[in-house]
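Since the model is a prediction, treat every value here as computed from it, not as a measurement.
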Amino acid sequence: MSLTDRDQGAASAPATPPAGGRQPVPTVADVVRAVTSGPLPVRITGYDGSEVGPSDAGITLSIRTERGLSYLLTAPGDLGMARAYVSGDLALQGVHPGDPYEALQVLKDELRIRPPSLAEGLALVRGLGWERLLPPPAPPQEAQPRWKRVMNGLVHSRVRDSTAISHHYDVSNAFYEKVLGPSMTYTCAVFHSPEDTLEQAQAAKYDLVAGKLALKPGMRLLDVGCGWGGMVRHAAREYGVKALGVTLSKAQAEWAQAAIEREGLAELAEVRHMDYRDAPAEQFDAISSIGLTEHIGVRNYPAYFGALRSRLRPDARLLNHTITRSNNRAPHRSGAFIDRYVFPDGELAGPGRLISEVHDAGLEVHHEENLRQHYALTLAAWCRNLVDNWDFCVSEVGAGTARVWGLYMAGSRMAFERNEIQLHQVLATRTGPAGESSYPLRPDWLP
C-alpha cells in the first residue's frame, strides 16, 4: 500500500511512472504521509499540486515552494516550521496570520509526527534529491545560533545582552504602539474580569504593583527593565513618586522620555538608556522589576538580586514580576523558535528557584502570586490588536516580522493557558539583621 493511500482519502500522486521505469519523484503529500501517523487534522497542499487530509478541514497548511519543504526537512520541529512560515513558503488558511491560535491548537493536539523508517527515508531522499537536505539560508528575522553569538561576547555579558535586547525590542515603536495599545506596556496585565479592556487591565497591573510596594508621594522608585516607561509614568502621575527607569533598549528609552515630557512628568519621572547593573547605587524606597528577569540568565540570579538589594534602603520593598517555568525541573533554555526569533539567550526558571534566589540574596519574601491566566488574556488582546492593525504593521516592519509576532504571541497564549509557563510576582523586603520589619501583619494593598 502506498504512502498516499492511507486513511482520510488518498493524496494526489503522479498517475504513471516516469519513462524508463525510474522511481517516481515523491510528492509533498508523500512526504507528509511518511512523517505523520493517524488521521490528519488539517488539509495539506503542496507546490506540486498534491494534497492530503480531509477536504472539509477548517484549516489548510500550504507548502508553497521547494525551499519551504527543505526548511521542514532540514530542521524538523518548530524551527523548520517557523522558517518556512516566516519566509512565506508555508501558509495557513483558515486563520489570520496575526492570530494563528486556532491552527496552533489543532496542530499541537491532533497532528502526530513520526520518524519515517530507514527505508522510507532513503526512498524519499533519493526521489527528492540529496540537495533537498542542504539547509536553505535562514530568513533575515532569525538570530544567529547560540554558538555563533559568542562573537558578541559570552552569554549574558553586557554587550551580548544589549544585542539580544535590541533584536527583540528595537523593532519599531510605531509597530509596538499598534500591538500594545496606548499604554505601551509589554508585560502581563491584571484582569478583574475577562471583559476588561486591555488598557483597564494594564492600569490595574500598575496599581497592583504600586500597592504591593506601598508607594506614596515623595518616595523614590527604581524600575529596572522599564520598557517604554509605563510603570515610571504611572507611579509619577498617580502616586506622586519620583521614579527612575532604566532599559537596555535605546528605542524604548527615547520613546519613554518623550512620553514623560509630553505628559508633563519631567519633574518626577525619568528613563535612562542603561544596564540595570549601572543603575545609581543610591538607596531607593522601592524597586520594581517587571519583565526583566527573563533576560538576565538563571546563573546570574545571585548577582541580579544582590544588585537590587544593594539599591534598596533598609526595610524597603522589591516587586519582581517575571515569566517562569511551571516546575523547577524544566530546562532553563527556551526552544529553538523562541531563542532564534523572539528572545535570544532568554532563560526561565521555576518559581521555587526564583523564590530561593530572592531569599539567598538576603531579601525576605512576604507574598507570591501567579498571574498565569492573566497573561493568556493579555496575549489574546495583543493578537487582536495585531489583526486589527495588520496592514499598518506589515508596512512598518515587513510581513515576515509581523508573522513572527502573530506566531509567537498565539503560541505563548496557548502555553500560559496550558500551564506550560507561568507569571509570578514575588514581593520581598530588605529586612533588618535582627529581623526588624515594618511589613504589616496582613497585606496592606488588599481591602
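The pair Glu369-Lys212 meets the salt-bridge criterion, since a charged nitrogen lies less than 4.0 angstrom from a carboxylate oxygen. A salt bridge between Lys205 and Asp196 is absent, with no side-chain N of the basic residue lying under 4.0 Å from a carboxylate O of the acidic one. Taking the charged nitrogens against the carboxylate oxygens, Asp315 and Arg430 have no contact shorter than 4.0 Å, which rules out a salt bridge. Classification of Arg64 and Asp89 as a salt-bridged pair fails, no side-chain N sitting under 4.0 Å from a carboxylate O.
Side-chain N or O atoms of His424 include none that pairs as donor or acceptor with a backbone N or O of Ile323 at under 3.5 Å.
Crowding of Glu282 atom CD: a count of heavy atoms from other residues, nucleotides or ligands under 6.0 Å exceeding 12. In this structure, Gln373 places its CD atom where only 12 or fewer heavy-atom neighbours from other residues, nucleotides or ligands lie under 6.0 Å away. Within a 6.0 Å radius of CZ in Arg309, more than 12 heavy atoms belonging to other residues, nucleotides or ligands are found. Within a 6.0 Å sphere centred on CD of Gln105, heavy atoms belonging to other residues, nucleotides or ligands number more than 12. With a 6.0 Å radius and a threshold of 12 heavy atoms from other residues, nucleotides or ligands, Arg329 has its CZ atom at or below the threshold.
Using a 3.5 Å distance cut-off with no hydrogens or angles, the side chains of Glu347 and Ser334 do not pair a donor with an acceptor. Judged purely by distance below 3.5 Å, without hydrogens or angles, the side chains of Trp228 and Asn173 pair a donor atom with an acceptor atom. Ser326 and Gln422 form no side-chain donor-acceptor contact under 3.5 Å, judged by distance and modelled atom types alone. Between Tyr375 and Ser412, the side chains place no donor N or O within less than 3.5 Å of an acceptor N or O (distance only, hydrogens not considered). Using modelled atom types, one finds no donor on one side chain facing an acceptor on the other under 3.5 Å when comparing Gln202 with Ser183. Using modelled atom types and a 3.5 Å distance limit, the side chains of Ser193 and Glu195 yield a donor-acceptor pair. A donor-acceptor pair shorter than 3.5 Å cannot be found between the side chains of Ser288 and His321.
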Residue pair Tyr47, Ser62: steps toward the side chain to side chain donor-acceptor pair (under 3.5 Å) verdict
CA-CA 8 Å; Tyr47 57 85; Ser62 297; over 6 Å; no
Given the rule in the side chain to side chain donor-acceptor pair (under 3.5 Å) test, do Thr431 and Glu364 qualify, once you have shown the distances and angles that lead to the verdict?
CA-CA 6 Å; Thr431 303; Glu364 181 182 9; 2.6 Å; yes
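Here the side chains of Ile260 and Val271 are in contact, with some heavy-atom distance below 4.5 Å. At least one side-chain heavy atom of Leu111 sits less than 4.5 Å from a side-chain heavy atom of Thr36. Looking only at side-chain heavy atoms (C-beta outward), Leu379 and Met414 stay at 4.5 Å or farther from each other. At least one side-chain heavy atom of Leu348 sits under 4.5 Å from a side-chain heavy atom of Ile421. A heavy-atom distance below 4.5 Å is found between the side chains of His96 and Trp390. Looking at Tyr239 and Leu221, their side chains never come closer than 4.5 Å, going by heavy atoms from C-beta outward. Two residues are said to be in side-chain contact when any heavy atoms from C-beta on lie closer than 4.5 Å; Thr45 and Ile63 fail this criterion. Residues Leu61 and Met81 have side chains in contact (heavy-atom distance under 4.5 Å, counting atoms from C-beta outward).
Listed by first and then second residue, the side chain to side chain donor-acceptor pair (under 3.5 Å) pairs that reach into residues 72-86 are Arg83-Glu142, sequence neighbours excluded. Sequence neighbours left out, not one pair with a member in residues 57-83 passes ring pair (Phe, Tyr, Trp, His ring centres under 6.0 Å).
One distance of note links CG of Asp444 with CG of Leu441; it measures 11.0 Å at 0.5 Å rounding. Atom CZ of Phe343 is separated from atom CD of Glu294 by 7.0 Å, given to the nearest 0.5 angstrom.
In this view, Asp109 and Arg418 satisfy the salt bridge (charged side-chain N to carboxylate O under 4.0 Å, His left out) rule, not counting sequence neighbours.
Results of the salt bridge (Lys or Arg N to Asp or Glu O under 4.0 Å) test with Glu420 over Lys108, Arg372, Arg325 single out Lys108 as the only residue that passes.
Considering all non-hydrogen atoms of both residues, Thr429 and Ser437 come closest at OG1-OG, 4.4 Å. Taking each heavy atom of Thr187 and Gly291 in turn, the nearest pair found is CG2-CA, 4.2 Å. Taking every heavy atom of both residues into account, Pro302 and Arg299 meet most closely at CD-O, 3.5 Å. Residues Pro351 and Asn328 share a closest heavy-atom pair of N-OD1, 3.5 Å. Pairing each heavy atom of Asp339 with each of Asp345, the nearest pair is OD1-N, 3.0 Å.
Aromatic ring centres of Tyr176 and Trp405: separated by under 6.0 Å. For Tyr304 and Tyr276, the ring centers are positioned less than 6.0 Å apart.
Taking the ring centre of Tyr439 as origin, the terminal cationic atom of Arg317 falls outside the region bounded by 6.0 Å and 45° from the ring axis.
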